[in-house]
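Letters A, B, ... mirror the listed sequences (proteins, then strands); counts begin at 1.
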There are 2 protein chains.
Amino acid sequence: MTHSTPPHVAILDDEPEIRRMLADALEEAGFRTTCYGRATEFEAGLKRTAPDVCLVDLGLPDRDGLAVVHRLALESGAAIIIISGRAQVQDRVTGLELGADDYIIKPFDPAEVVARIRARLRKGRVETGASSQVAHFAGWRAHFDRYVLVDETGTETPFSHAEGEVLRLFLDSPNRLITRAQMQEALGGAAGESFDRAMDVRISRLRTKLGEDPKNPRLIKTIYGAGYIFLGEVRWA
Amino acid sequence: MTHSTPPHVAILDDEPEIRRMLADALEEAGFRTTCYGRATEFEAGLKRTAPDVCLVDLGLPDRDGLAVVHRLALESGAAIIIISGRAQVQDRVTGLELGADDYIIKPFDPAEVVARIRARLRKGRVETGASSQVAHFAGWRAHFDRYVLVDETGTETPFSHAEGEVLRLFLDSPNRLITRAQMQEALGGAAGESFDRAMDVRISRLRTKLGEDPKNPRLIKTIYGAGYIFLGEVRWA
DNA sequence: TCGAGAATGTTACGAATTCTAACAGTGCGA
DNA sequence: TCGCACTGTTAGAATTCGTAACATTCTCGA
């Protein structure tokens, strides 16, 4: 199920600048954060709130970081990501073996930390089942789980799997050129084939279902000689 | 989903020595492996068997590796680990964003690969071995010990063993594509036989018992040319 | 501005795939 | 043995989707 509140990330690192940097990047990315400088505080904090992800630095003043990770792995359901300056393979292997889900080496780029946290959360959500597969755009709702388009009046129009592949491609990167080659690749058409016409047809059918005016399509624009652009604001729910 | 058999890892890399090395290390560690040198073979293989983890090298001769990853993330429930020589942060971020669960940079140490695979599997395996025999989904309860379906009103509908096999397969991996080949393998239908029609019929009968509208099934969706998807949140009790 | 040629859109058709009803074989218990 | 439930098989209907053919639009040079 979807988080109604933003996911919560706990940060355990003894260096204030690093905490700051991580917290800033994560909040920027839409997460809630809590920072701790010592393992004792951290473990006390866990008793109050259960974070979704824990970022743990191994170099702690008051406790062995690996011991913290191990306890965490046993007792908490949170995803555990180690951040450490110790770059040896052996360090990484033991960290992961003790229950960490990921191991990031210092110095790190905050963008990668965010991406790795997202990857962990994404995976966690799958196990609860229904991934929310609904996109809102231009008055439409596309339900990829039920294969239906719903317009403003609530009328449902089913779409097929092939149409869905195209639509998903568009909704995944709106307002951005998608070349025919990219589309072909994404739709699994083997290269060099006469898949071109088939693609046109898929798009044509999709346009029809979206009620596009053939003379003046508002959502799926053709870029002659290049590809297509899907226009509009897309919100995934 | 309890693994009685060792977890299955699919390896996609164009360099034979790397495939060899990975396969050796993984088999040493107790995994089952299958190697592929090209994306086309790999995708063909996925139609037959669903691996638990996919190791994907981005530098492929016949297809863009990221496109392969993206499709995989959408269609398969497997954990995806990218292995790549491209070490830029931006590469890692896009790889993870496209749906990969981890990103390992070449050159790598096989021991770390094993550790990271274990970390992925550990997270997936939420269910304990205690074989739960009751599944809740979409207002239904399926009692596999008594072979009955119970709806919201408490009305019981018995289902047969063959129907149960299909239903269990669906309830074990909801919201993801199950190809006909995978289903055939899981249901023990010998390859090449005309088991196809039999499968259709099993599913048709199951749909009837679940009260599906033939024109617009809500739970068991057909993916033309590919297989089926069971939709909905499933809770085993 | 016009026209040729290329790129794209649309429609109709048919091959492949899937659905389902009816039938038949099998096994088991009364 | 009979009857019944289960399950595979068959065949015809329904659906999906690519292909071919034709229509339209676009680009660019004359």
Visitor: Just the rounded figure in Å: distance from P of D:dA14 to OH of B:Tyr224.
Guide: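 B:Tyr224 atom OH is separated from D:dA14 atom P by 16 Å.
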Visitor: Given atom CG of B:Asp200 and atom P of D:dG12, what is their separation to the nearest angstrom?
Guide: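 B:Asp200 atom CG is separated from D:dG12 atom P by 17 Å.
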Visitor: Rounded to whole angstrom units, what separation is found between the CZ atom of A:Arg207 and the P atom of C:dT11?
Guide: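 Rounded to whole Å, this separation is 13 Å.
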Visitor: Cut-off 3.5 Å, side chains only: do B:Gln184 and B:Arg48 have a donor facing an acceptor?
Guide: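 Distance-only check fails for B:Gln184 and B:Arg48.
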Visitor: Once you round it to whole Å, what is the distance between P of D:dC17 and NE2 of A:His161?
Guide: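 Value for this atom pair: 8 Å.
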Visitor: Salt bridge or not between A:Arg116 and A:Asp101? Use side-chain N to carboxylate O under 4.0 Å.
Guide: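 Salt bridge absent between A:Arg116 and A:Asp101.
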Visitor: May I ask you to verify if any side-chain N or O of A:Arg202 is less than 4.0 angstrom from the OP1 or OP2 atom of D:dG18?
Guide: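 So the side-chain polar atoms of A:Arg202 do come within 4.0 Å of the phosphate oxygens OP1 or OP2 of D:dG18, strictly under.
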Visitor: Between B:Lys215 and D:dA14, is there a side-chain N or O to OP1/OP2 distance below 4.0 Å?
Guide: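 Result: no.
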Visitor: Does A:Thr222 put a side-chain nitrogen or oxygen below 4.0 Å from OP1 or OP2 of D:dT25?
Guide: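 Result: no.
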Visitor: Would you mind reading off the distance between A:Gln184 atom CD and D:dG18 atom P, rounded to a whole angstrom?
Guide: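 Whole-Å distance recorded here is 12 Å.
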Visitor: Rounding to a whole Å, what distance do you find between B:Asn216:CG and D:dT16:P?
Guide: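 In whole Å, D:dT16 P lies 11 Å from B:Asn216 CG.
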Visitor: Find the distance A:Leu206:CG to C:dG9:P and express it as a whole number of Å.
Guide: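 Result: 12 Å.
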Visitor: Between B:Arg197 and D:dT10, is there a contact of a side-chain N or O with OP1 or OP2 at under 4.0 Å?
Guide: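 No, outside the criterion.
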Visitor: When you check the phosphate oxygens OP1 and OP2 of D:dC17, does a side-chain N or O of A:Arg205 lie under 4.0 Å from one of them?
Guide: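 False: A:Arg205 side-chain N/O out of range (4.0 Å or more) of D:dC17 OP1/OP2.
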Visitor: When the ring planes of B:Phe159 and B:Phe144 are compared, do they come out parallel, tilted or perpendicular, using 30° and 60° as the limits?
Guide: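 B:Phe159 and B:Phe144: perpendicular rings.
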Visitor: Counting only side-chain N and O atoms of A:Tyr147, is one of them less than 4.0 Å from OP1 or OP2 of D:dT16?
Guide: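 Negative; the distance criterion is not met.
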Visitor: Relative to the 5' end of DNA chain C, which residue comes earlier, B:Val201 or A:Ile203, by the nucleotide with the nearest heavy atom?
Guide: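 Final value for this comparison: A:Ile203.
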Visitor: Remember a base hit wins even if backbone is also touched, and classify A:Tyr228 as base, sugar-phosphate or nothing at under 4.0 Å, heavy atoms.
Guide: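 Answer is sugar-phosphate: A:Tyr228 comes under 4.0 Å of backbone atoms only.
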Visitor: Indicate yes or no: does A:Glu156 engage A:Arg146 in a salt bridge with an N to O separation below 4.0 Å.
Guide: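 Counted as a salt bridge, because a side-chain N and a carboxylate O are separated by less than 4.0 Å.
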Visitor: For a quick test of reading the model: is some side-chain N or O of A:Ser204 closer than 4.0 Å to OP1 or OP2 of C:dT10?
Guide: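 The answer is yes; a side-chain N or O of A:Ser204 sits under 4.0 Å from OP1 or OP2.
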Visitor: Atom CD of A:Glu165 to atom P of D:dT16: distance rounded to whole Å?
Guide: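 So the CD-P distance, A:Glu165 to D:dT16, works out to 15 Å.
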Visitor: Tell me whether A:Arg202 is salt-bridged to A:Glu163, with the criterion being a basic N under 4.0 Å from an acidic carboxylate O.
Guide: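 Judged by the 4.0 Å cut-off on N to carboxylate O distance, A:Arg202 and A:Glu163 do not form a salt bridge.
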